[in-house]
Amino acid sequence: MADRKPPEDALDNLRRRVAEARGDGASVSPPPQSPASLALRFGGEFGAAIIVGALLGYGVDYFLHSSPWGLLIGLMLGFAAGIANVVRLARAYSTAHPVDSNAPSLKDDEED
Amino acid sequence: MDPESARFIGAGLACLGMGLAGIGVGTIFGNFLSGAMRNPSAAPGQFTNLVLGFALTEALGIFSLAVALILLFVPLQF
Amino acid sequence: MANDPIKQFHIEPLIPIEVAGLDASFTNASLAMVAGVGLAALFFNRAMKPAALVPNRAQVVAEGAYGFIHGMVHQTTGDEGVKKFFPFVFTLFLFIFMSNMLGMFPGFLGVPHVFAPTSQIIVTGAMAVLVFLTVIVVGFAKNGLKFLNVFAPSGLHPLMYLFIVPIEVVSFFSRPLSHAVRLWANIFAGHLLLKVIAGFVPMMAAGGLALTALSVVPLILVVAIYALEFLVAFLQAYVFAMLTCVYLNDALHPGH
């Protein structure tokens with residue numbers, strides 16, 4: 001077939017029909033992440049923030065000769081940033097994968 | 001003992017604290033998961049508490065990391 | 001150890017080049033990267049050659065990949081972002097995907113040690129820094145000083161900004177590191193694991209009667225992990241491209 005330039009209305013028609021067949025537009029569903037890469041992602045996000053915070057603090061120390069306070073404060077800031085990163089990630093993840101609110105809860109079988 | 005080598009040994013010992021903090025974090029997440037498996041619908045409500053506990057526990061580990069980093073990278077005056 | 005699992009990542013110069021005292025040799029990593037780019041270009045060129053209304057198989061794959069990434073960029077960055085950044089993101093995705101895939105085929109063009117270039121942190125780091133600088137340049141060029149809003153989420157008590165802004169700054173600067181490490185660690189760890197477990201097979205097979213029989217177990221494991229690695233190769237390219245979109249979205253719309 002040598003129809004290099006198909007007529008525009010035919011393409012539009014096809015696009016409309018494809019969109020109809022697919023439902024509302026072309027929906028892209030991200031592939032499921034493996035648990036290992038998810039764990040790596042959380043840990044990497046947390047660790048990277050700490051490392052970068054400590055490095056920035058160390059750099060400040062190096063230029064301002066304020067050792068060891070820059071390192072300390074940078075480490076604490078990096079820690080806080082890491083937690084912020086992880087919380088942001090976890091929130092995004094749990095909104096993308098909501099818990100079934102009708103899920104049955106198990107009775108506590110401990111004797112207390 | 002040579003103060004330089006004492007510094008490195010001290011930094012290594014300080015890192016033990018991070019491992020112990022790891023135990024604590026594992027306890028927190030393990031208990032959260034076993035609770036969440038029992039009552040999944042209540043789990044999202046406890047997310048704040050989970051993060052708070054994680055932050056408090058991990059902060060102690062970060063303190064020991066700070067001690068180790070200071071021992072390693074801050075020149076000491078004798 | 002007879003089969004060093006790290007040896008697969010060794011970089012060997014193929015054509016030694018030295019520029020002003022710096023070692024700029026064409027190595028097997030360079031070859032793998034060139035092969036990744038070349039394969040992607042060749043495939044798309046060949047697949048889209050007919051440009052038929054009713055596509056053949058290769059064209060379906062090419063158009064599917066295009067549509068998939070186009071949809072993702074559109075979803076995360078909106079109409080404006082897709083116009084500006086789609087070529088960039090699609091190029092990154094294809095390059096990473098082809099590089100990952102190259103690592104799955106041992107030996108290539110008669111070169112014994114071709115590996116996934118993405119298992120070198122310098123490669124992923126360079127790409128992550130490229131994305132990071134793009135975000136900063138585009139952010140400042142488009143929004144001016146308003147881009148600094150990315151560090152200050154709106155709707156907080158004024159005193160809170162004292163704490164939040166430094167945290168956000170550190171969080172912003174930690175992005176290229178976690179961006180690079182995620183891709184690198186996934187690919188590196190996957191290939192390392194393959195090699196280590198594959199190394200068990202001859203060791204156990206030479207170990208005597210019972211061990212020889214048991215050496216089937218790591219063999220099956222290697223095959224299973226190999227299948228998983230194909231998934232990881234695609235998934236990590238997708239995740240890298242998606243995070244690039246998320247970061248680029250910040251450049252277009254600072255202040256979340």
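Each chain gets a letter, A, B and so on, in the order the sequences are listed, and its residues count up from 1.
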- Query: For Ile122(C), does the CD1 atom sit with more than 12 other heavy atoms under 6.0 Å from it, leaving out its own atoms?
  - Reply: no
- Leu64(A) atom CG: more than 12 heavy-atom contacts under 6.0 Å: yes
- Query: After noting the C-alpha distance and the side-chain angles of Asn85(A) and Ser174(C), does the key distance pass the side-chain contact (heavy atoms from CB on, under 4.5 Å) rule?
  - Reply: CA-CA 10 Å; Asn85(A) 278 349; Ser174(C) 74; 3.5 Å; yes
- Task: Check the surroundings of atom CZ in Phe230(C): do more than 12 heavy atoms from other residues, nucleotides or ligands lie under 6.0 Å from it?
- Result: yes
- Message: So for Leu55(A), is it side chain, backbone, both, or neither that comes closer than 4.5 Å to the heavy atoms of chain C?
- Response: neither
- Message: Minimum heavy-atom separation for Val170(C) and Ala49(A), please, with both atom names.
- Response: CG1-O, 3.7 Å
- Item | Contacting moiety of Leu243(C), where chain A heavy atoms sit under 4.5 Å | side chain
- Message: Using a 6.0 Å cut-off, check whether atom CZ of Phe163(C) has over 12 heavy atoms from anything other than its own residue.
- Response: no
- Inter-chain contacts: residues 176-188 of chain C against chain A, heavy atoms under 4.5 Å: Leu177(C), Ser178(C), Arg182(C), Ala185(C), Asn186(C)
- Note on the structure: By residue number, those in residues 69-80 of chain A with heavy atoms under 4.5 Å from heavy atoms of chain C are Leu77(A), Gly78(A), Ala80(A)
